[in-house]
Amino acid sequence: EKLLKPLDDDEPIEAEKGPPPMRPQDVTFIRETLSKVQAIVDNGQEEMKLPNMARHIAVAMRQRIAERFPQTIVEKRNSGPGGWEERWVLNPTKEKRTLLERRRKRKLLDLIGFRQVWNLLRQARRPLVCHNGFYDLLFLYNSFEAPLPESLGQFKLAMHKAFPHVFDTKILAESEGLNKMLAVRRSSLVELATSLQNLLERERNLRQQQQSAMETEGGEAAESHKKLPAELKFDLPPGFTAYENSENAFHTAGYDAFQTGRLFGFYKKRVGDFAVLKFTNLFPLLQSPFLLCLTGEERLIHDGVARFVYGIDLSSLTSRGFLELLKPLTKDGRRQVVFKWCSDQRSMILVLHGCPDIMPDTEGREVFERQLDEILQGQVLKNRLKFHRWDAFMSMLTGPLMSAPAKAAAEGKGGDVGGGGGGGHGIKRPRFN
């Protein structure tokens, strides 16, 4: 405010914080410079170079020029390689002023850059596709939409309002029914994209072989050959050639986005538009047994029968021990077992999944749950563990009071363990993508 104080007063203009106080000679310098600007305006001169000055004086100078000569423009120019930035006062004609304003607007649009893409995507209501993208969404929202809300619930509402449909290809790659389409051990983007490329090349070679056989053997050959899925082709637009034959461009933003789009296109084509919709607005959370859902409550990663197991005697039961214990229920591998160990290393979420007869509302689920509880109850009687049915455990999490084991599970970190012990307390801590 003091920098805007009228210069008719002979008292120095001082800033409360930051810049040094205005001295009498600074006030005189500003007055003299303003007189020179007045002269170029009166004479119709197009421009004038301002004298060099300290930054805090330059702020006051620009403010005074804008107040007294609103038809003028102050701009910075580079004086040359390694040189100082110079300040110039422009006194443009109406036509040139319009041209300068357009140039300034273009520069401003260049500075705001990707926000324009974000706004266009919002307006078009297009789906967003990401890979393991929850943190990406947080960053994008904070950068281009608004500061992050105070709570997760507020963020979910705001994000869903901005983008009603968001897909995460990691969710697709790990979902039952889709997780065997690409031969990978881990659902990292590199492995999935590489496996997809290999699959498409194999299918293309098989089509060529079948075509050659049909040309030489006729219709009989066509009947004997395996029917292949519809051909998938991914083309880059004209002029975008940098990624055509690139295998080492992973972890660059453009290439990762391109490969994420290819993966989504693959799953969408193979299972159909309607089937893909059930995976919308779901995101994996690092080291968590739950999926984040933008449109509802969080749920377990795997659909199946779950139990919260705690107070585990690690000297008697490791991951390998649990696998042996549950063998009567796995049906020779047709049902899969997942252990989500919590950070206290003595509790976990146990999930059996992968077989239609234990899905919700099926006839065999109740019988299966009773068998599982009988096996776990046998270990309770031996003081090796305690457990809760899943609905009871979730009531503990959402109730006014939360027990210590429930807190451990809510705050715990864990991952899929297919078997094996070792490591701290007989449990090998799982690794994550």
Side-chain angles (χ1 to χ4, degrees), residues 1-126 140-147 162 237-240 254:
E1 290 179 355
K2 290 188 176 182
L3 287 176
L4 293 172
K5 188 176 180 180
L7 291 175
D8 296 334
D9 193 339
D10 288 335
E11 294 182 8
I13 299 174
E14 297 181 358
E16 293 180 0
K17 294 182 180 180
M22 286 262 188
R23 302 167 298 177
Q25 57 264 42
D26 296 331
V27 175
T28 301
F29 171 76
I30 293 176
R31 287 201 187 103
E32 291 174 351
T33 305
L34 289 173
S35 298
K36 294 177 182 178
V37 176
Q38 181 70 61
I40 72 163
V41 171
D42 294 342
N43 298 331
Q45 188 178 334
E46 287 190 4
E47 60 184 22
M48 181 190 86
K49 179 179 175 296
L50 291 172
N52 292 332
M53 63 194 79
R55 187 182 298 272
H56 69 290
I57 298 176
V59 171
M61 183 74 76
R62 291 183 70 121
Q63 290 171 340
R64 289 297 164 211
I65 291 174
E67 287 175 359
R68 298 193 182 184
F69 313 104
Q71 73 276 29
T72 63
I73 298 172
V74 179
E75 72 172 17
K76 288 183 179 179
R77 297 179 186 174
N78 197 323
S79 62
W84 293 86
E85 279 191 329
E86 300 173 340
R87 294 178 179 87
W88 288 72
V89 178
L90 309 182
N91 182 33
T93 62
K94 185 177 179 180
E95 293 77 12
K96 191 168 183 179
R97 185 180 182 85
T98 301
L99 183 64
L100 289 171
E101 287 294 337
R102 287 176 181 170
R103 187 188 304 167
R104 178 176 171 275
K105 187 175 181 179
R106 282 199 302 270
K107 185 177 181 180
L108 184 62
L109 289 174
D110 288 341
L111 292 174
I112 64 175
F114 193 77
R115 181 188 279 281
Q116 298 175 82
V117 178
W118 177 267
N119 289 338
L120 287 171
L121 287 171
R122 280 196 59 176
Q123 294 167 16
R125 313 297 281 176
R126 293 288 185 179
L140 288 168
Y141 186 93
N142 188 60
S143 299
F144 304 117
E145 186 71 17
F240 291 82

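Just the heavy atoms: all of them, side chains too, but no hydrogens, waters or symmetry mates, feed the values below. The structure presented is a predicted model; accordingly, all values stated were derived computationally and were not measured.
Looking only at side-chain heavy atoms (C-beta outward), Phe29 and Ile57 come within less than 4.5 Å of each other. Counting only heavy atoms from C-beta outward, the side chains of Asn91 and Gln45 never approach each other to under 4.5 Å. Side chains of Thr72 and Ile40 form no contact here, defined as non-hydrogen atoms less than 4.5 Å apart. Glu75 has its side chain out of reach of Arg87: every pair of non-hydrogen atoms, C-beta onward, lies at least 4.5 Å apart. Looking at Lys107 and Arg103, their side chains never come closer than 4.5 Å, going by heavy atoms from C-beta outward. Residues Phe69 and Leu34 meet the side-chain proximity criterion, which asks for heavy atoms closer than 4.5 Å. You'll find the side chain of Glu46 stays beyond 4.5 Å of the side chain of Leu90, heavy atoms only.
Within 6.0 Å of CZ on Arg125 lie more than 12 heavy atoms contributed by other residues, nucleotides or ligands. For Asn142, the CG atom is densely surrounded, since the number of other residues' heavy atoms within 6.0 Å is greater than 12. Heavy-atom neighbours of Lys96 NZ from other residues, nucleotides or ligands within 6.0 Å: at or below the threshold of 12.
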Handout entry: Check against side-chain contact (heavy atoms from CB on, under 4.5 Å), Asn119 and Phe144
Key = CA-CA 8 Å; Asn119 289 338; Phe144 304 117; over 6 Å; no

Problem - Ile65 vs Leu50, side-chain contact (heavy atoms from CB on, under 4.5 Å): CA-CA, chis, key distance, verdict - result: CA-CA 11 Å; Ile65 291 174; Leu50 291 172; 4.3 Å; yes

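Annotation: the span from Gln71 atom CD to Ile73 atom CD1 amounts to 10.0 Å, rounded to 0.5 Å. Of the inter-residue distances, the one linking Gln25 atom CD with Glu32 atom CD reads 11.5 Å to the nearest 0.5 angstrom.
Checked options His56, Arg62, Gln63, Met61; the residue passing with Val59 is Gln63 (criterion: side chain to side chain contact (heavy atoms under 4.5 Å, CB included)).
For the residue pair Asp42/Gln38, the side-chain donor-acceptor check at 3.5 Å is satisfied. Judged purely by distance below 3.5 Å, without hydrogens or angles, the side chains of Gln116 and Trp118 never pair a donor atom with an acceptor atom.
Every residue meeting the ring-ring contact (aromatic ring centres under 6.0 Å, His included) condition with Tyr141, not counting sequence neighbours, appears here in chain and number order: Phe155.
Classification of Arg77 and Glu47 as a salt-bridged pair holds, one side-chain N sitting under 4.0 Å from a carboxylate O.
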